[in-house]
Amino acid sequence: MWTTAETKTTRPSISGAGFVTLDVTLDQASRVIYRGVGGTTGNVLSILAFLGWHSMPVVRVGTDRIGISVLREFRELGVDVRHMGAESTLETPLIFQFATQPSSPPRYGFECPSCGKARRFTRELVDTGFQAALDDVSSTNVFFFDRVTRGAVEMAEVARDGGATVFFEPSSVGADAGLFARALRAAHVVKYSADRIPGSLSELLDSGFIEIQTMGAKGLRFRKHSLAPDWITLPALRVHGVADTSGAGDWCSAGFIHALQQVAEGCSPQELSYNEIFDSLRSAQAIAALSCRHHGARGLMRAARADVALSDAFQILREQLPGPIRIDCLNEPAFGGEAMPVASCEWHRDLCCQALA
């Protein structure tokens, strides 16, 4: 069974750059039931800190109240924020998640439901001052990025040259085809959603890449180009008491990174076998499924200790292997069981981004 990284003599380390935001989840009455650091990079680095990693984001935030809130929570989580400066010329991103049925995909928006202001990701959040972090980035075990910017790609290249495993999770191909190709060349693992990037990235990938394509309720599939061209499909795992599927993909990414470090410690990505990749992804799917029992992208972190969460995920995996099982298919009846609440929920009837802190 996998364990937290704190049981290791030396804690593994991860650096990352990309989308870091404040997540705000609303119920049907527009009340806040979850608030916390979000965005793909923000979630993955927070989850790995929870699992005992030394986690270091390289991204800027604004000096606004939202940016201060993001920095405060990162510090509370034990995240290394030495390369997270606050700039008065920048604005911290903010995402609202609007209420849907648990069996429906989450619905997001940047626009404040009260004042209509949108706070979106901009390249400057990553590309401002990243050069000062390059030495520290080059010495981490893993580098994670999810946005194609000049700074993120340069950090990925430096990390790879330093011996790190580079994990790239693009949300889209983007307008700069040359920079996107550089990002792919820098990465060892590329994970993307079939909904956002249709088809395959095979024609852009070299032989050493691990390609992971997520398919929502159908699970995911992967292949390693140096071994065989065929896809290996892993159906999604099923859990009862589903409250919220937001963040499940980020738990899967963080879980895969964590599990891979344990099952193949000391191996380079090129040396990994299909069985090692399969086992790591299956473990990642289990903790991603477990996270769906909680409101908010990282609600699981507020409801259980890391060792308990890993033990519960392992139990889900052990009980369901090897059958083909699914989570959250839209044509299935409602799941039984009670969803566990997020601790310390805050409630606001008159919500505005200007009041969040």
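Computed from a predicted structure; not experimentally measured. The residues of the chain are indexed from 1 along the displayed sequence.
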**Nearest heavy-atom neighbours spanning V148 and R123** = O-NH1, 3.1 Å

**Asked** Is any side-chain N of the basic residue among R60 and E124 closer than 4.0 Å to the acidic one's carboxylate O?
**Response** no

**Complete:** Rounding to 0.5 Å, atoms CZ (R11) and CH2 (W53) come to a distance of 11.0 Å

**Prompt:** Does the side chain of R119 reach to within under 4.5 Å of the side chain of D64, using non-hydrogen atoms?
**Reply:** yes

**Asked** Does the side chain of D307 pick up a donor-acceptor pair with the side chain of T4 at under 3.5 Å?
**Response** no

**Prompt:** When rounded to the nearest 0.5 angstrom, what distance separates CG in L48 from OG in S55?
**Reply:** 6.5 Å

**Request:** Without swapping roles, check the side chain of T21 against the backbone of L94 for a donor-acceptor pair under 3.5 Å.
**Result:** yes

**Item:** Worked check of salt bridge (Lys or Arg N to Asp or Glu O under 4.0 Å) between K224 and E276
**Value:** CA-CA 11 Å; K224 185 178 177 187; E276 289 168 330; over 6 Å; no

**Prompt:** Rounded to the nearest 0.5 Å, what separation is found between the OG atom of S139 and the CG atom of L134?
**Reply:** 11.0 Å

**Fill in**
OG1 (T214) and CZ (R196) are apart, to the nearest 0.5 Å, by 9.5 Å

**Prompt:** Do the side chains of M84 and V59 get nearer than 4.5 Å, heavy atoms only?
**Reply:** yes

**Message:** Can a donor-acceptor pair be found, under 3.5 Å and without considering hydrogens, that links the side chain of W251 to the backbone of A297?
**Reply:** yes

**Prompt:** Which heavy atom in T149 sits nearest to a heavy atom in A152, and how many Å separate them?
**Reply:** OG1-N, 3.1 Å

**Complete:** Closest heavy-atom pair, M155 versus V137, reported as atoms and distance to 0.1 Å, is O-CG1, 3.7 Å

**Message:** Would R221 and M215 count as a side chain to side chain contact (heavy atoms under 4.5 Å, CB included) here? Give the steps.
**Reply:** CA-CA 8 Å; R221 59 183 187 170; M215 302 179 292; 4.1 Å; yes

**Item:** Side chain R160, main chain A187, donor-acceptor under 3.5 Å
**Value:** yes

**Asked** Is there a donor-acceptor pair closer than 3.5 Å between any side-chain N or O of S280 and the backbone N or O of I277?
**Response** no

**Message:** For a 4.5 angstrom cut-off between non-hydrogen side-chain atoms, does F130 reach V158?
**Reply:** no

**Prompt:** V308, L290: one ILVMFWY side-chain cluster at the under-4.5 Å cut-off?
**Reply:** no

**Asked** Does the side chain of D146 reach to within under 4.5 Å of the side chain of S171, using non-hydrogen atoms?
**Response** no

**Request:** Answer yes if L234 and W231 sit in the same cluster of Ile, Leu, Val, Met, Phe, Trp and Tyr residues linked by side chain heavy atoms under 4.5 Å apart, and no otherwise.
**Result:** yes

**Asked** Would Y34 and H294 count as a side chain to side chain contact (heavy atoms under 4.5 Å, CB included) if you check the C-alpha gap in whole Å, the side-chain angles of each, and the deciding distance to 0.1 Å?
**Response** CA-CA 10 Å; Y34 173 89; H294 306 269; over 6 Å; no

**Message:** Test your reading of the model: is there a side-chain donor-acceptor pair from N141 to the backbone of S13, 3.5 Å cut-off?
**Reply:** yes

**Fill in**
Closest heavy-atom pair, A284 versus C252, reported as atoms and distance to 0.1 Å, is CB-O, 3.2 Å

**Expected output: side-chain H240 to main-chain R293 donor-acceptor under 3.5 Å** = no

**Message:** On a heavy-atom basis, which atom in T140 and which in S15 lie closest, and how many Å separate them?
**Reply:** OG1-OG, 3.0 Å

**Prompt:** Do the side chains of V79 and I68 join up, straight or via other hydrophobic residues, at under 4.5 Å, putting them in one cluster?
**Reply:** no

**Request:** Flag this pair as yes if the NZ/CZ of R298 is under 6.0 angstrom from the six-membered ring centre of F50 and inside a 45 degree cone about the axis; otherwise no.
**Result:** no

**Request:** Determine yes or no for a side-chain-to-main-chain donor-acceptor pair under 3.5 angstrom, with T92 supplying the side chain and G62 the backbone.
**Result:** yes

**pair L300-I287: side-chain heavy atoms closer than 4.5 Å** = yes

**Request:** Test R35 against every option in T25, L22, L26, D23 by the side chain to side chain contact (heavy atoms under 4.5 Å, CB included) rule and name the one that passes.
**Result:** L22

**Request:** Starting at CG of D127, measure out to OG1 of T122 and round the result to the nearest 0.5 Å.
**Result:** 9.0 Å

**Request:** State whether the number of non-hydrogen atoms from other residues, nucleotides or ligands found under 6.0 Å of D161 atom CG is greater than 12.
**Result:** yes

**Request:** Start with the C-alpha gap between Q97 and S246, add the side-chain angles, then the distance that decides, and say whether side chain to side chain donor-acceptor pair (under 3.5 Å) holds.
**Result:** CA-CA 9 Å; Q97 179 184 331; S246 67; 3.0 Å; yes

**Request:** Go through the steps for S253 and K191 under the test side chain to side chain contact (heavy atoms under 4.5 Å, CB included), then give the verdict.
**Result:** CA-CA 8 Å; S253 297; K191 174 176 174 278; 3.0 Å; yes

**Side-chain donor/acceptor of S291 to backbone N/O of A288, under 3.5 Å** = yes

**Item:** Name of the residue among F180, F168, F167, F19 meeting ring pair (Phe, Tyr, Trp, His ring centres under 6.0 Å) with F145
**Value:** F168

**Request:** State whether the side chain of S69 and the backbone N or O of R65 hold a donor-acceptor pair below 3.5 Å, judged by distance alone.
**Result:** no

**Item:** Any side-chain heavy-atom pair of L51 and L310 under 4.5 Å
**Value:** yes

**Message:** As a quick check of understanding, evaluate side chain to side chain contact (heavy atoms under 4.5 Å, CB included) for E87 and L125, giving each step before the final call.
**Reply:** CA-CA 9 Å; E87 305 282 344; L125 292 163; over 6 Å; no

**Prompt:** Taking everything shown except R120 itself, do over 12 heavy atoms lie less than 6.0 Å from its CZ?
**Reply:** yes

**Message:** Determine whether a donor-acceptor pair (N or O, by modelled atom type, separation under 3.5 Å) exists between the side chain of D244 and the backbone of G296.
**Reply:** yes

**Item:** ring-ring contact (aromatic ring centres under 6.0 Å, His included) evaluation trace for F222 with Y274
**Value:** CA-CA 9 Å; F222 79 93; Y274 259 119; 5.3 Å; yes

**Prompt:** Taking side chain as C-beta onward, heavy atoms only, is F96 less than 4.5 Å from E111?
**Reply:** no

**Request:** Measure the CG-CG distance between L281 and L220 for me, rounded to the nearest 0.5 Å.
**Result:** 5.5 Å

**Message:** With a 4.5 Å cut-off on side-chain heavy atoms, are F74 and V20 touching?
**Reply:** yes

**Asked** Any idea which heavy atoms bring P93 and I66 closest together, and the distance?
**Response** O-CG2, 4.0 Å

**Request:** Run the salt-bridge test on E73 and R302 with the 4.0 Å N-O cut-off and return the result as yes or no.
**Result:** yes

